S.K.: 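Below you'll find the structure I mean.
Note that the coordinates shown come from a computational prediction; the quantities given were computed from them, not determined experimentally.
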Amino acid sequence: PARCAACDAAGLLQLQREAGSRGQGAQAEAAPQAQAAQRAGAAQRVEASRAAQAAEAQRRLRLIDEAFAGVQGHGTYFWPGGAERPSPSAAGGYVDWAFGRMHGEGTPLDTDMYNDATWQTCTSIDWDAVEHKPTLDGKLNVKAVKDMLVKLRLSQCWDPAEPLHSDPTCRAALTAINTSFSMEFDRSLGGPQFANYSVVSWGKHNSWQTGALLNLNYSAKDLVMPPKASLARPTGVVGYAMCDILRTVLTQSAKQLEAGTCSFVAPLAALSHKAPAVAIKLAMRLFWAGTLTCDTGPACPKLFEQQPGLIPWKEPKKDDDDTWHPDAYVPPEQNISVWGSDCGEPDGGVDVVPLQNVGLAGMWTQGVISMWLATNWNGCSGREARAGLLWPGMTKKQCRHNMRNQGGDLNSDMWQCNALFDPAKKSCRVIANPGACYWLSTDASEEWCHRKWAAEPQYHLADHMRAVWKHARKTNQSEQHVMNRLRHKMAKYPYVLAYLDVLLAIGQVTDSSALEVDDIDSPSKPSFTEEMLRQTCRSHINTITVADSFLDGENLGELRSAKLPWWGHGKYVKDDGTIGTAPKDPTECDHTLYLQSCNFDRNEFVLWTWGTTYVVSKEILVGTGKAPHGEAFENTGVVCYAVVADHVTVQ
């Protein structure tokens with residue numbers, strides 16, 4: 001395919017300029033005249049720095065794209081363990097099984113942690129021992145590394161006699177290993193752009209080679225959260241990063257952990273399953289160059305500074321002797337507060353998983369959020385990474401500020417589908433109950449409704465737009481006046497201007513005002529029908545949005561056998577063994593996941609989420625009838641809508 005603007009020096013330089021300047025003044029007033037010269041000088045210095053960064057990123061991208069030029073096709077998602085693959089009808093599915101069998105890379109691991117143990121497994125390798133081997137062959141034959149390759153079945157990729165040898169997944173994995181080895185020793189590249197996301201201090205070994213990270217001291221009395229250290233040699237984390245990338249993709253173990261980023265991790269899981277070779281290539285681009293495709297643009301520069309793998313977290317133990325990771329961290333108070341992503345109530349600092357992920361899952365979700373926000377706000381913030389982090393001891397106000405952009409919606413789901421699933425053939429579409437589009441005239445297609453939802457700006461930008469809209473209506477309520485005023489005030493946000501065009505176009509077709517069209521939201525309560533489920537199953541790749549409380553129960557198999565919906569069935573056993581009561585009526589959809597497979601004959605539908613799989617029935621997904629107290633089109637299922645595509649054409 002033709003090289004896009006993000007893959008040449010001029011295009012990257014332009015994107016870097018925009019990333020550092022477009023959104024910095026979104027809320028600021030014009031600078032005083034006296035500061036103009038000083039600002040101009042600073043801008044020139046920043047411009048020179050960005051030019052150098054763009055040149056480096058362009059070289060990294062060229063090396064990666066040239067290396068992957070011979071990888072054709074999407075690749076096969078092959079199951080580590082071969083013939084021992086479990087039946088998909090088993091609760092928990094493959095990932096639980098695989099992680100339960102993985103006791104570390106030569107070192108036994110705790111089995112009561114959680115099923116997404118990628119960071120734990122990859123920090124069980126002594127990366128200093130790997131570094132001391134001068135050749136790639138020597139590094140790959142370090143026992144812990146070799147054991148990992150065997151368990152992932154990647155060892156078969158080197159053997160021409162093995163069926164997987166010529167599979168695109170094998171070729172992509174070997175290309176990633178060989179290219180990273182070459183780029184690691186090319187000092188002129190300056191190291192990976194997302195290197196800080198592979199700095200992890202929680203495991204048996206550090207993720208970095210000795211001397212690569214400086215000035216990390218958890219025992220310091222004046223330790224400031226979140227912890228920061230100087231990554232003096234970014235290539236010192238390349239080994240860990242390759243372990244994390246390959247293991248995350250090949251075991252489909254991407255997970256949001258405590259972060260509320262389900263809308264942005266689900267597409268990674270879907271790509272890992274449907275097109276693992278493509279997922280590996282995109283992961284390499286992201287790690288080394290900080291970008292995914294020309295449609296996404298680069299992540300914002302401030303994001304590259306974050307080091308989530310240094311943030312301590314506290315693991316509960318069965319004997320009540322809770323353990324901090326890393327163990328060198330001593331909190332300033334015993335019951336230090338730790339907020340979840342909803343910033344509701346602090347839990348006293350104890351959790352079963354880290355607060356947010358690292359490695360590929362971390363940089364992918366944070367990176368895509370950053371790209372989505374930069375697209376909406378027409379640039380990046382020069383003050384902070386808009387995709388924030390959680391850490392122990394933060395205030396509730398800090399939590400709300402940092403987590404304000406973590407969630408997604410139908411608009412961001414469609415944006416990701418168009419950019420990361422099918423940018424070439426453009427088959428991405430919404431599947432939702434047409435009852436939610438009741439406002440359309442009978443001669444208007446529901447596709448207008450879907451187009452409106454997909455075009456909506458990110459919710460904070462939409463709130464800003466609507467505040468300006470409301471103010472404009474105070475002086476004159478005519479639509480022409482309001483639209484002119486709104487366009488003037490929002491001129492620096494092309495995403496908003498495009499949305500206003502959509503509203504006016506739909507208004508003309510449906511004989512509605514722009515305000516009336518803007519007032520219609522995407523479905524917030526379950527209303528998916530069996531036909532919509534069948535459409536989703538016929539698509540090649542998807543994400544679906546659900547009301548997720550049903551995932552908390554262990555009796556999904558019993559409900560499937562009885563052909564009962566989740567809502568209103570009564571008592572159930574929670575994952576922690578306690579007894580809960582299913583809601584009597586459907587609640588709002590709040591979680592996005594990947595519908596991995598469908599079997600209508602066996603009434604088995606496999607859902608991927610949180611690094612594992614759940615097997616549910618048709619009755620759970622689409623219900624058995626109308627919701628007792630809902631709208632006419634709502635039902636007792638759990639699905640609100642799906643975003644699907646018929647192809648994966650991202651390159």
S.K.: Roughly how far, to the nearest 0.5 Å, is the OG1 atom of Thr543 from the CG atom of Leu595?
M.R.: 10.0 Å
S.K.: For Trp208 and Ala212, which heavy atoms make the closest approach, and how far apart are they?
M.R.: CB-CB, 4.2 Å
S.K.: Report the C-alpha distance between Met284 and Thr179 in whole Å, list the side-chain angles of each, state the deciding distance to 0.1 Å, and finish with yes or no for side-chain contact (heavy atoms from CB on, under 4.5 Å).
M.R.: CA-CA 9 Å; Met284 286 285 288; Thr179 305; 4.1 Å; yes
S.K.: Roughly how far, to the nearest 0.5 Å, is CG of Leu303 from OG of Ser381?
M.R.: 11.5 Å
S.K.: Would you call Lys204 and Asp126 a salt bridge, taking side-chain N to carboxylate O under 4.0 Å as the test?
M.R.: no
S.K.: So do the side chains of Val615 and Leu607 get within less than 4.5 Å of each other, counting heavy atoms only?
M.R.: no
S.K.: So, do Trp324 and Pro326 sit near enough that their side-chain heavy atoms are less than 4.5 Å apart?
M.R.: no
S.K.: Give a yes or no on whether Lys228 atom NZ has more than 12 heavy-atom contacts from other residues, nucleotides or ligands under 6.0 Å away.
M.R.: yes
S.K.: Considering residues at least two apart in sequence or located in another chain, which fulfil the side-chain hydrogen bond (donor to acceptor under 3.5 Å, both in side chains) criterion with Ser230?
M.R.: none
S.K.: If you define the side chain from C-beta out and look only at heavy atoms, does anything of Thr169 sit under 4.5 Å from Leu250?
M.R.: yes
S.K.: Could you tell me whether Trp202 and Trp119 have their ring centroids closer than 6.0 angstrom?
M.R.: yes
S.K.: State which residues pass ring pair (Phe, Tyr, Trp, His ring centres under 6.0 Å) with Tyr594; sequence neighbours excluded, sorted by chain then number.
M.R.: His273
S.K.: If I compare all heavy atoms of Val238 with all of Pro192, which pair ends up nearest, and what's the gap?
M.R.: CG2-CG, 4.0 Å
S.K.: Between Asp128 and Thr210, is any side-chain donor less than 3.5 angstrom from a side-chain acceptor?
M.R.: yes
S.K.: Between Ser198 and Ser207, do the side chains contain an N or O donor and an N or O acceptor separated by less than 3.5 Å?
M.R.: no
S.K.: Can you name the side-chain hydrogen bond (donor to acceptor under 3.5 Å, both in side chains) partners of Asn376, sequence neighbours left out?
M.R.: none
S.K.: Stepwise, does the side-chain contact (heavy atoms from CB on, under 4.5 Å) test hold for Leu174 with Trp158?
M.R.: CA-CA 8 Å; Leu174 298 189; Trp158 278 272; 3.3 Å; yes
S.K.: Rounded to the nearest 0.5 Å, what separation is found between the OG1 atom of Thr123 and the CG atom of Asn206?
M.R.: 9.0 Å
S.K.: With heavy-atom distances below 4.5 Å as the criterion, would you say the side chains of Val278 and Phe68 are in contact?
M.R.: no
S.K.: Holding to side chain to side chain contact (heavy atoms under 4.5 Å, CB included), I want the full list of residues that pass it with Asp342, two or more places apart in sequence or in another chain.
M.R.: none
S.K.: Where do Ala266 and Thr592 come nearest, in terms of heavy atoms and distance?
M.R.: CB-O, 4.0 Å
S.K.: Verify side-chain contact (heavy atoms from CB on, under 4.5 Å) between Leu246 and Ile177, making sure each step is shown before the conclusion.
M.R.: CA-CA 9 Å; Leu246 293 176; Ile177 292 171; 3.9 Å; yes
S.K.: At what distance, to the nearest 0.5 angstrom, does CZ of Arg171 lie from CG of Asp167?
M.R.: 10.5 Å
S.K.: With no hydrogens and no angle check, is any side-chain donor or acceptor of Ser341 less than 3.5 Å from a backbone partner on Ala259?
M.R.: no
S.K.: Are the charged groups of Lys151 and Asp147 less than 4.0 angstrom apart, N to O?
M.R.: no
S.K.: For the pair Asp422 (side chain) and Asn418 (backbone), establish whether a donor and an acceptor sit closer than 3.5 Å, ignoring hydrogens and angles.
M.R.: no
S.K.: Who are the side-chain hydrogen bond (donor to acceptor under 3.5 Å, both in side chains) partners of Arg233, not counting sequence neighbours?
M.R.: Gln209
S.K.: Can you confirm whether Gln406 sits close enough to Gln256 that some side-chain heavy atom of one is under 4.5 Å from a side-chain heavy atom of the other?
M.R.: no
S.K.: Begin with the C-alpha distance, continue with both residues' side-chain angles, and end with the deciding distance and a verdict on salt bridge (Lys or Arg N to Asp or Glu O under 4.0 Å) for Glu384 and Arg404.
M.R.: CA-CA 13 Å; Glu384 62 175 353; Arg404 70 194 188 280; 2.9 Å; yes
S.K.: Do the ring planes of His74 and His540 sit parallel (below 30°), tilted (30 to 60°) or perpendicular (above 60°)?
M.R.: tilted
S.K.: Between atom NE2 of His647 and atom CD1 of Ile541, what is the distance when rounded to the nearest 0.5 Å?
M.R.: 12.0 Å
S.K.: Are Thr609 and His591 close enough that a side-chain donor and a side-chain acceptor fall under 3.5 Å?
M.R.: yes
S.K.: Ring centroids only, cut at 6.0 angstrom: are His132 and Trp127 within range, meaning strictly under it?
M.R.: no
S.K.: Please check if any side-chain donor atom of Thr135 sits under 3.5 Å from a side-chain acceptor atom of Asp137, or the reverse.
M.R.: no
S.K.: Ignoring hydrogens and geometry beyond distance, is a side-chain donor-acceptor pair present between Glu305 and Asn196 at under 3.5 Å?
M.R.: no
S.K.: Can you find a heavy atom in the side chain of Asn402 that is under 4.5 Å from one in the side chain of Leu390?
M.R.: no
S.K.: Work out which heavy atom in Pro227 is nearest to a heavy atom in Gln307; give both atom names and the distance.
M.R.: O-OE1, 4.0 Å
S.K.: Counting distance only, does the side-chain N/O of Gln306 pair as donor-acceptor with the main-chain N or O of Ala387 below 3.5 Å?
M.R.: yes
S.K.: Can you find a pair of side-chain heavy atoms, one from Arg153 and one from Leu164, that are under 4.5 Å apart?
M.R.: yes
S.K.: Going by distance alone, is a donor N or O of one side chain under 3.5 Å from an acceptor N or O of the other, for Gln366 and Gln356?
M.R.: no
S.K.: Do Ser412 side-chain atoms and Asp409 backbone N/O form a donor-acceptor pair below 3.5 Å?
M.R.: yes
S.K.: Using the side-chain hydrogen bond (donor to acceptor under 3.5 Å, both in side chains) rule, take Gln596 and Gln252 through it: C-alpha gap first, then chi angles, then the decisive distance, then the call.
M.R.: CA-CA 11 Å; Gln596 182 170 296; Gln252 204 181 353; 3.1 Å; yes
S.K.: Which heavy atom in Lys133 sits nearest to a heavy atom in Lys139, and how many Å separate them?
M.R.: O-NZ, 3.0 Å
S.K.: Between Thr296 (side chain only) and Thr293 (backbone N and O only), is there a donor and an acceptor less than 3.5 Å apart?
M.R.: yes
S.K.: Should the ring pair Trp372 and Trp415 be called parallel, tilted or perpendicular, given that the plane angle runs from 0 to 90° and is split at 30 and 60?
M.R.: tilted
S.K.: Does one side chain, of Ser180 or Asn178, offer a donor that lies under 3.5 Å from an acceptor on the other?
M.R.: no
S.K.: Does any N or O in the side chain of Asp295 come within less than 3.5 Å of the main-chain N or O of Pro423, such that one atom is a donor and the other an acceptor?
M.R.: no
S.K.: Going by distance alone, is a donor N or O of one side chain under 3.5 Å from an acceptor N or O of the other, for His165 and Gln156?
M.R.: no
S.K.: Please identify each residue that fulfils side-chain hydrogen bond (donor to acceptor under 3.5 Å, both in side chains) with Thr235, with sequence neighbours left out.
M.R.: Arg187
S.K.: Does the side chain of Ser201 pick up a donor-acceptor pair with the side chain of Tyr218 at under 3.5 Å?
M.R.: yes
S.K.: Under 3.5 Å, is there a donor-acceptor pair between the side chain of Asn357 and the main chain of Leu257?
M.R.: no
S.K.: Any side-chain donor-acceptor pair under 3.5 Å between Thr118 and Arg247?
M.R.: yes
S.K.: To check you understand the geometry: which heavy-atom pair defines the closest contact between Asp244 and Val358, and what is its length?
M.R.: OD2-O, 4.3 Å
S.K.: So Val199 and Tyr240, do their side chains get closer than 4.5 Å, heavy atoms only?
M.R.: no
S.K.: As an exercise, state the distance from OG1 of Thr612 to NZ of Lys255, rounded to the nearest 0.5 Å.
M.R.: 7.5 Å
